[in-house]
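Residue numbers start at 1 and run along the sequence shown.
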Amino acid sequence: MKIKVLLVDDQSLIRQGLRALLELEPDLEIVGEAQNGEEAINLVTEFQPDVVLLDIRMPVMDGVAATREIQKRFPKTKILVLTTFDDHEYVSAAIESGAMGYLLKDTPSEELAVAIRAVYKGYTQLGPGIVKKLLTQFSKPAPTQSPPVPSTLTELTPREKEVLRLIATGASNREIAQELYISEGTVKNHVTNILNRLNLRDRTQAAIIANTFLSYLNEYT
């Protein structure tokens with residue numbers, strides 16, 4: 001079964017290029033194209049795509065507003081942002097609105113296809129440097145007194161705390177596995193346990209939590 005993809009970008013040339021590239025992938029099917037968020041919502045209603053690949057800055061309705069509305073009306077549809085803008089305001093707004101990924105338009109086509117498949121399966125996909133921008137957005141000057149460490153965080157195993165600390169640096173599962181001398185499969189299990197124990201949606205939220213309590217994680221890992 002093919003993954004149904006909707007392309008949303010105000011530039012027709014970009015849409016044509018993306019269609020030409022993605023249609024080379026045997027498991028991807030482009031079900032439609034839209035030039036703004038309003039059209040995107042109408043086409044999502046009509047075609048029920050699995051993944052919406054959309055830009056942020058568009059006329060009529062931008063990508064953030066479209067993401068918010070699509071997630072509200074069609075929560076099973078995954079949103080992957082593909083844009084030229086990497087400002088942390090755009091990144092954080094898109095993620096907070098429900099986007100599962102944020103990539104820049106210079107992403108190689110083969111990596112874009114991989115990201116679409118990953119988002120379809122429920123994984124978060126962030127381009128290089130995006131995690132740091134998110135952390136910068138949520139970082140605040142150190143308070144006089146550190147916030148209390150949540151009990152759920154203290155209940156993590158030493159190994160899970162090590163994995164969480166490395167997630168804060170933006171390390172991939174492969175990099176974490178190499179750092180801790182364990183398999184990628186073991187890392188995935190640890191990440192799943194961490195998300196479940198901390199009641200988090202994805203590793204982006206885990207990175208934000210880890211950055212907030214980084215001093216604690218450094219102390220106990």
Enquirer: State, to 0.1 Å, how close Ser109 and Leu21 come at their nearest heavy-atom pair, and which atoms those are.
Expert: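 For Ser109 and Leu21, the tightest heavy-atom pair comes out as CB-CD1, 3.9 Å.
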Enquirer: Between Arg15, Met61, Gln35, Met58, which is the residue that forms a side-chain contact (heavy atoms from CB on, under 4.5 Å) with Val8?
Expert: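 Answer to the side-chain contact (heavy atoms from CB on, under 4.5 Å) test with Val8 among Arg15, Met61, Gln35, Met58: Met58.
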Enquirer: Quick one: do Val163 and Asn193 satisfy side-chain contact (heavy atoms from CB on, under 4.5 Å)? Show the steps, please.
Expert: CA-CA 11 Å; Val163 172; Asn193 290 337; over 6 Å; no
Enquirer: Could you walk me through whether Ile182 and Arg159 pass side-chain contact (heavy atoms from CB on, under 4.5 Å), step by step?
Expert: CA-CA 11 Å; Ile182 55 179; Arg159 180 64 87 188; 4.1 Å; yes
Enquirer: Out of curiosity, Glu179 CD to Leu166 CG, how far, rounded to the nearest 0.5 Å?
Expert: 5.5 Å
Enquirer: Which value, rounded to the nearest 0.5 Å, describes the distance between Arg201 atom CZ and Ile95 atom CD1?
Expert: 7.0 Å
Enquirer: Run the numbers on Asn173 and Arg203 for side-chain contact (heavy atoms from CB on, under 4.5 Å), then give the verdict.
Expert: CA-CA 11 Å; Asn173 285 351; Arg203 64 192 297 138; 2.8 Å; yes
Enquirer: Main chain of Thr157, side chain of Glu160: is a donor-acceptor contact present, judged purely on distance under 3.5 Å?
Expert: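 The answer is yes, because a donor-acceptor pair under 3.5 Å joins these two groups.
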Enquirer: Looking at every heavy atom in both Val81 and Ala99, which two are closest together, and how far apart are they?
Expert: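 Closest heavy-atom pair between Val81 and Ala99: CG2-CB, 4.0 Å.
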Enquirer: Looking at CD1 of Ile176 and OG1 of Thr169, how far apart are the two atoms once the value is rounded to the nearest 0.5 Å?
Expert: 7.0 Å
Enquirer: Between Arg19 and Glu33, does any side-chain N to carboxylate O distance fall below 4.0 Å?
Expert: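 Yes, Arg19 and Glu33 are salt-bridged.
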Enquirer: Taking only residues at least two apart or on different chains, which pairs with a member in residues 29-77 satisfy ring-ring contact (aromatic ring centres under 6.0 Å, His included)?
Expert: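 Every pair satisfying ring-ring contact (aromatic ring centres under 6.0 Å, His included) with a residue in residues 29-77: there are none.
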Enquirer: For a 4.5 angstrom cut-off between non-hydrogen side-chain atoms, does Lys105 reach Asp9?
Expert: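 Yes. Closest side-chain heavy atoms under 4.5 Å.
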Enquirer: Does Glu38, at its CD atom, have more than 12 non-hydrogen atoms belonging to other residues, nucleotides or ligands within less than 6.0 Å?
Expert: no
Enquirer: Rest of the hydrophobic cluster containing Met1 (Ile/Leu/Val/Met/Phe/Trp/Tyr, side-chain heavy atoms under 4.5 Å)?
Expert: Ile3, Val5, Leu7, Ile14, Leu18, Leu22, Leu28, Ile30, Val51, Leu53, Leu80, Leu82, Met100, Leu103, Leu112, Ile116, Val119, Tyr120
Enquirer: Is there a donor-acceptor contact under 3.5 Å from the side chain of Gln71 to the main chain of Thr77?
Expert: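 Looks like yes, one N/O pair under 3.5 Å.
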Enquirer: Do the side chains of Asn36 and Asp10 get nearer than 4.5 Å, heavy atoms only?
Expert: no
Enquirer: Can you tell me how far the CG atom of Leu6 sits from the CD atom of Glu39, to the nearest 0.5 Å?
Expert: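 One finds 10.0 Å between CG of Leu6 and CD of Glu39.
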Enquirer: Could you tell me whether a side-chain N or O of Asp50 sits under 3.5 Å from a main-chain N or O of Lys4, the two making a donor and an acceptor?
Expert: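 At least one qualifying donor-acceptor pair exists.
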Enquirer: Looking at residues at least two apart in the chain, or sitting in another chain, which of them share a ring pair (Phe, Tyr, Trp, His ring centres under 6.0 Å) with Phe85?
Expert: Tyr90
Enquirer: To the nearest 0.5 Å, what is the distance between OG1 on Thr152 and CD1 on Ile194?
Expert: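 Here the interatomic distance stands at 11.5 Å.
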Enquirer: Taking Asp202 for the side chain and Gln205 for the main chain, is one N or O donor matched with an acceptor at less than 3.5 Å?
Expert: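 Checked: pair present.
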Enquirer: Which atom pair, heavy atoms only, marks the closest approach of Leu195 to Ala206?
Expert: CD2-CB, 4.0 Å
Enquirer: Pair Val44, Arg73 - check side-chain contact (heavy atoms from CB on, under 4.5 Å), show working.
Expert: CA-CA 10 Å; Val44 170; Arg73 295 169 56 180; over 6 Å; no
Enquirer: Is it true that atom CG of Asn196 has more than 12 heavy atoms of other residues, nucleotides or ligands lying nearer than 6.0 Å?
Expert: yes
Enquirer: Measuring from atom CG of Leu153 to atom CD1 of Ile209, what distance do you get when rounded to the nearest 0.5 angstrom?
Expert: 8.0 Å
